[in-house]
Amino acid sequence: MKKIDFNPLYLLVFVLLGSCGSDEDGGPESELQNIDGVFCNQDYSGPAAAYWNMANGQFIPLSQVPMINSRGGEVSFPFEQPTLRLEYPQGYTGEGIRDSQNFPIGIDINRLDGRVFFRWIPNISLFGITDFDQIITQEINTMFAEVGYNPNNGFEAVCGRNESQDFEGLLVNFNGRVIEFGEFTGIVWVRSVVVPGLGTVNSAIQTSVAPTAEFNARTLDTFLPFNFQLLVRPDGGGFIDNDGDGSPAHLDPDDNDPTVRHQG
């Protein structure tokens, strides 16, 4: 797979919900319609661009929390990670991710026709990583495989960012791409933390892919609801803190380890 290089900029995954909305607009679609994507090498706008911006720590002006409209089921880890659960729409299926080698706990959700895919891995321990592009390249190839696309047919990176920063003695890297390939668009990002002395890279990974013609619609009714389920408490009580260390999920370098927390 060819390497895609981008200039490093900015850092941290951050999500905020707008405190006000417009009564005369047409809802989330019109609220996000004129949002321009950041770190893009061409014009990129609309809900998909807002979704990409959200991964890059940008405020998105939503007047209400996005929610699944037609509940199809849920996938969770009730014994090992009780807070890791996602409700998905009708026409989808979900399964948990386990791997004894790298010890991830995560979730894959697929639409039944195999044309929409979402992956969330809040933490995976990786060994022998010398380049953060190694991690995202693997995830991009997984994305291609999930929708049956041959990367030899070509693809284009529309937006991208790869930045590392020292954060309270930890090396934190954000590496993300918006990729158009065939009739699909995918957004993949990886947030990695290198803890001195451990010899491992701990990463959080998210992948969202759908046909380009419907990516904005799936952003609104599927991908954004998934993300707000993960980060925002459904009772309106603020951001989720999975490991209970007082550092919310959107800022915590590892929200499954209470000994690693945001120090801001």
Side-chain angles (χ1 to χ4, degrees), residues 4 6 13 15 25-62 64-70 72 86-94 107-121 136 139-151 153-161 175-190 205-231:
I4 310 168
F6 292 92
V13 177
V15 181
D25 64 27
E29 183 173 5
S30 61
E31 289 173 336
L32 303 180
Q33 196 60 49
N34 296 319
I35 302 296
D36 293 322
V38 296
F39 314 123
C40 299
N41 54 29
Q42 63 185 59
D43 290 339
Y44 194 64
S45 61
Y51 181 36
W52 161 248
N53 290 0
M54 187 180 78
N56 285 274
Q58 300 291 315
F59 174 90
I60 60 173
L62 287 174
Q64 59 186 7
V65 173
M67 299 180 68
I68 299 295
N69 293 322
S70 57
L86 273 180
E87 179 180 295
Y88 52 80
Q90 292 180 9
Y92 288 75
T93 185
I107 288 173
D108 280 353
I109 295 177
N110 287 274
R111 198 167 69 184
L112 295 179
D113 65 0
R115 292 169 61 80
V116 177
F117 172 70
F118 178 85
R119 165 171 286 189
W120 169 239
I121 300 177
I136 197 169
E139 294 306 312
I140 290 171
N141 282 326
T142 296
M143 175 183 70
F144 291 152
E146 286 290 336
V147 295
Y149 183 76
N150 183 348
N153 293 329
F155 58 92
E156 179 181 9
V158 178
C159 311
R161 189 177 122 240
N175 201 349
R177 306 283 189 274
V178 178
I179 297 177
E180 293 182 350
F181 55 102
E183 59 182 307
F184 293 94
T185 292
I187 295 179
V188 183
W189 61 257
V190 181
I205 298 167
Q206 188 173 117
T207 301
S208 306
V209 60
T212 300
E214 58 178 280
F215 197 92
N216 281 331
R218 300 295 77 79
T219 291
L220 295 168
D221 65 21
T222 305
F223 300 144
L224 284 177
F226 285 166
N227 275 268
F228 277 83
Q229 285 184 63
L230 291 168
L231 297 176

Under the side-chain contact (heavy atoms from CB on, under 4.5 Å) rule, what do I179 and T185 come out as? Steps first, then yes or no, please.
CA-CA 6 Å; I179 297 177; T185 292; over 6 Å; no
Between A210 and V116 the two heavy atoms that sit nearest each other are CB-CG2, 3.9 Å
Give a yes or no on whether the backbone of V190 and the side-chain of E139 come within a donor-acceptor separation of less than 3.5 Å.
no
What verdict does the side-chain contact (heavy atoms from CB on, under 4.5 Å) test give for R119 and M143, after you've listed the backbone C-alpha separation in whole Å, the side-chain angles of each residue and the deciding distance to 0.1 Å?
CA-CA 9 Å; R119 165 171 286 189; M143 175 183 70; over 6 Å; no
Tell me every residue that passes salt bridge (Lys or Arg N to Asp or Glu O under 4.0 Å) with E146, counting only those two or more places apart in sequence or in another chain.
none
Whether over 12 other heavy atoms sit under 6.0 Å from N153 CG
yes
Separation of F118 CZ from Q206 CD (nearest 0.5 Å):
4.0 Å
Can you tell if the side chain of E87 reaches within under 4.5 Å of the side chain of M67, non-hydrogen atoms only?
no
Test log, rule side-chain contact (heavy atoms from CB on, under 4.5 Å), inputs I136 and V188:
CA-CA 7 Å; I136 197 169; V188 183; 4.0 Å; yes
Report yes if the side chains of I187 and R177 come closer than 4.5 Å at any heavy-atom pair, otherwise no.
no
Close side-chain approach of N150 and F144, heavy atoms under 4.5 Å
no
Gap separating the OG1 atom of T222 from the CD1 atom of I68, nearest 0.5 angstrom:
5.5 Å
Under the side-chain contact (heavy atoms from CB on, under 4.5 Å) rule, what do V209 and F181 come out as? Steps first, then yes or no, please.
CA-CA 10 Å; V209 60; F181 55 102; 3.7 Å; yes
Step-by-step ring-ring contact (aromatic ring centres under 6.0 Å, His included) determination, Y88 to F226:
CA-CA 8 Å; Y88 52 80; F226 285 166; 7.8 Å; no
Taking ring pair (Phe, Tyr, Trp, His ring centres under 6.0 Å) as the definition, give me every residue that meets it alongside F223, ordered by chain and number, with sequence neighbours left out.
Y51, F215
Which is it for Y149 and F184 under the ring-ring contact (aromatic ring centres under 6.0 Å, His included) test, yes or no, and what are the steps along the way?
CA-CA 9 Å; Y149 183 76; F184 293 94; 7.3 Å; no
Is a donor on one side and an acceptor on the other found under 3.5 Å between the side chain of N53 and the backbone of D36?
yes
Are C40 and W52 side-chain neighbours, meaning at least one heavy-atom pair lies under 4.5 Å?
yes
Taking atom OG of S70 and atom CG of D221, what is their separation to the nearest 0.5 Å?
8.0 Å
D113: what forms a salt bridge (Lys or Arg N to Asp or Glu O under 4.0 Å) with it, not counting sequence neighbours?
R111
Find out whether L112 and T93 are in side-chain contact, i.e. whether some heavy atom of one side chain is under 4.5 Å from a heavy atom of the other.
yes
Polar side-chain atom of N110 near backbone of Y92 as donor-acceptor pair, under 3.5 Å:
no
Is there any salt bridge (charged side-chain N to carboxylate O under 4.0 Å, His left out) pair reaching into residues 181-190, and which pairs are they, with sequence neighbours excluded?
R115-E183
Using the side chain to side chain contact (heavy atoms under 4.5 Å, CB included) criterion, which residues pair with A50? Sequence neighbours excluded.
L32, I35, I60
Specify the closest pair of heavy atoms between G37 and A49, including all atoms of both residues, with the distance to one decimal.
N-CB, 3.6 Å
Residues L220 and P66: closest non-hydrogen pair is O-CB, 4.5 Å
Would you compute the distance between atom CG of L62 and atom CG of L224 and round it to the nearest 0.5 angstrom?
6.5 Å
Find the distance between CG (D108) and CD1 (I121) and round it off to the nearest 0.5 Å.
7.0 Å
Quick one: list whatever passes side chain to side chain donor-acceptor pair (under 3.5 Å) with N216, sequence neighbours left out.
none
Side-chain heavy-atom pair W189, N175 within 4.5 angstrom cut-off:
no
